[in-house]
Amino acid sequence: MLVLTRRVNEAIIIDNRIKITVVAIEDDKIRLGIDAPPEVLIVREELLAAVANANKAAARTPAVAVGNLPRKATQPK
């Protein structure tokens, strides 16, 4: 892991196409601005972890045979 020190309005460039700028520092929070091409996916780490956990939970759900699925209730006329 590369560890850098940056101040407000200072930036780093990744692969000559992604620019990360320190926008603000407030208490224990740092606000970052990210300028990247549209094809670069940018996702917060905790969201990726939540999706991974949801996928694991779904994979543990037992399979149900099609014949055992509940039928759609008919609407009274």
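These figures come from a predicted structure and were not determined experimentally.
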Enquirer: Who else is in the cluster with M1 when I, L, V, M, F, W and Y are joined by side-chain contacts under 4.5 Å?
Expert: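 Joined to M1, directly or through intermediates: V3.
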Enquirer: Just distance, no hydrogens or angles: give the donor-acceptor pairs under 3.5 Å from side chains in residues 44-51, sequence neighbours left out.
Expert:
residue: R44; atom: NE; partner: E46; partner atom: OE2; Å: 2.7

Enquirer: Sequence neighbours left out, what pairs pass salt bridge (charged side-chain N to carboxylate O under 4.0 Å, His left out) with at least one residue falling in residues 31-41?
Expert: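 Checked against salt bridge (charged side-chain N to carboxylate O under 4.0 Å, His left out) - neighbours excluded - the pairs reaching residues 31-41 are R17-E39.
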Enquirer: Residues two or more places apart in sequence or in another chain: which of them pass side chain to side chain contact (heavy atoms under 4.5 Å, CB included) with R60?
Expert: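 Result, side chain to side chain contact (heavy atoms under 4.5 Å, CB included) vs R60: K56, A57.
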Enquirer: Tell me who clusters with V23, hydrophobic residues only, linked when side chains sit under 4.5 Å apart either directly or through other members.
Expert: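 Answer for V23: none, a lone residue.
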Enquirer: Is there any side chain to side chain donor-acceptor pair (under 3.5 Å) pair reaching into residues 3-14, and which pairs are they, with sequence neighbours excluded?
Expert: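 Applying side chain to side chain donor-acceptor pair (under 3.5 Å) to every pair that reaches into residues 3-14, excluding sequence neighbours, yields nothing.
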Enquirer: Who passes side chain to side chain contact (heavy atoms under 4.5 Å, CB included) against L4, sequence neighbours left out?
Expert: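 Expected list: L2, I12.
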Enquirer: By side chain to side chain contact (heavy atoms under 4.5 Å, CB included), which residues pair with A11, not counting sequence neighbours?
Expert: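 Counting only residues at least two positions away or on another chain, A11 forms a side chain to side chain contact (heavy atoms under 4.5 Å, CB included) with K19, T21.
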Enquirer: Identify, with sequence neighbours excluded, every residue that meets side chain to side chain contact (heavy atoms under 4.5 Å, CB included) alongside I18.
Expert: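 Expected list: I14, I20, I34, A36, P37, V40.
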